[in-house]
Amino acid sequence: MKRTCQMLLLMLLAGCSTTTTVRGDWQEEPSQPAFGNVLVLGVTPSTRIRRSFEVALAELLDSSQTRATAAIVAAGNADAPTVEGIRALAQANGVDGVLVTRLVARKVAAHETASRMGVKTARPVSLRDGPGLIELFSTDYNEYEDPGEFTAQSTATTETSLYDLRRGDLLVYVVTTESKFREDRDDVIADITRAIARQLTQAGLVR
């Protein structure tokens, strides 16, 4: 029931978002059994971004049939992970799959919106008790200008690799996302993690 609710929520949220596209590619035959215990790892020099990403994705993947754990939580806020450290962490937690996400490309383009001229109208105030005939058909005009503004449009591409520890760290699936967003947006991680979780669920790799 929980997984069904999660899927409905993911579909609704995905339908509202137009900023992120996602693609999944099998690296092995698409007959992979679902994973029961997944370790989520984000590769970034920023501990804050890493924690936000790993926790968000782990929460989306976690269900009664699939356990998902953020690596930074399992490691107790350790420094940048190493291959040996992740393998030891996976073994200690009984993990059968490791999800590794990294940023593979980012482009930033600056845009300036055009300034806009306009006119505000207002009826003049009468100095007498009520408006006269001329005042009823007269209008004050005030011109104004909305100046243009600079905005930064970013395009970020991430790659999420799923490794099967049941078969000697075999790479079985890759999820690629492309997100277009303004630099002042703070929901990019939510968009990307929802897209990744949706793709993995549709591929039957998590339940």
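All figures in this text were calculated on a predicted structure; none of them were measured in a lab.
- In this structure, the separation between OG1 on T193 and CD on E54 is 12.0 Å, given to the nearest 0.5 Å.
- Nearest heavy-atom pair across V95 and L165 is O-CD2, 3.8 Å.
- In this structure, the side chains of I192 and R194 stay at 4.5 Å or more apart for every pair of heavy atoms.
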Requested in this report: Just do the side chain to side chain contact (heavy atoms under 4.5 Å, CB included) check on V98 and L162 with the steps written out, would you?
Outcome: CA-CA 6 Å; V98 176; L162 177 56; over 6 Å; no

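- Hydrophobic clustering of Ile, Leu, Val, Met, Phe, Trp and Tyr side chains at less than 4.5 Å, counting indirect connections, unites I49 with L57.
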Report task. Could you walk me through whether T201 and R207 pass side chain to side chain contact (heavy atoms under 4.5 Å, CB included), step by step? Result -> CA-CA 6 Å; T201 301; R207 295 176 180 171; over 6 Å; no

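- Here the side chains of I86 and L41 are in contact, with some heavy-atom distance below 4.5 Å.
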Report task. With side chain to side chain donor-acceptor pair (under 3.5 Å) as the test, would you mind laying out the steps for D191 and S179 before giving the verdict? Result -> CA-CA 8 Å; D191 280 352; S179 300; over 6 Å; no

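- Taking 4.5 Å as the limit, some side-chain heavy atom of L39 sits within range of a side-chain heavy atom of L89.
- Checked by atom type and distance alone, the side chain of D164 never pairs as donor or acceptor with a backbone atom of D169 at under 3.5 Å.
- Geometric assessment of R166 against the ring of F35 yields a positive cation-pi assignment under the 6.0 Å and 45° thresholds.
- Smallest separation of non-hydrogen atoms from A74 and T69: CB-CG2, 3.8 Å.
- Between the OG1 atom of T160 and the CG atom of L200 there is a distance of 7.5 Å, given to the nearest 0.5 Å.
- The shortest heavy-atom contact between Y173 and V175 is CE2-CG2, 3.6 Å.
- The heavy-atom pair separating P81 from R50 by the smallest distance is CD-NH1, 3.6 Å.
- Rounding to the nearest 0.5 Å gives a distance of 10.5 Å between CZ of R87 and OH of Y163.
- When the side chains of ILVMFWY residues are joined at heavy-atom separations under 4.5 Å, either directly or via intervening members, V104 and V100 end up in two distinct hydrophobic clusters.
- Considering OG1 of T66 and CG of D96, their distance stands at 8.5 Å, rounded to 0.5 Å.
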Requested in this report: Quick one: do T20 and E178 satisfy side chain to side chain contact (heavy atoms under 4.5 Å, CB included)? Show the steps, please.
Outcome: CA-CA 6 Å; T20 300; E178 183 178 89; over 6 Å; no

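- Within a 6.0 Å sphere centred on CZ of R167, heavy atoms belonging to other residues, nucleotides or ligands number more than 12.
- Residues I72 and T47 have side chains in contact (heavy-atom distance under 4.5 Å, counting atoms from C-beta outward).
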Query raised in the report: Between L99 and L61, is a side chain to side chain contact (heavy atoms under 4.5 Å, CB included) present by the stated rule, with each step listed?
Result: CA-CA 11 Å; L99 274 173; L61 296 176; 3.5 Å; yes

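- Residue K180 holds its NZ atom at 7.5 Å from OG1 of T21, rounded to the nearest 0.5 Å.
- From R23, atom CZ reaches atom CD of E159 across 9.0 Å, with rounding to the nearest 0.5 Å.
- Residues I196 and T101 approach most closely at CD1-OG1, 4.4 Å, considering heavy atoms.
- For the pair V73 and R51, the tightest heavy-atom approach, listed with the atom from each and the gap, is CG2-NH1, 4.1 Å.
- Two residues are said to be in side-chain contact when any heavy atoms from C-beta on lie closer than 4.5 Å; R198 and V22 meet this criterion.
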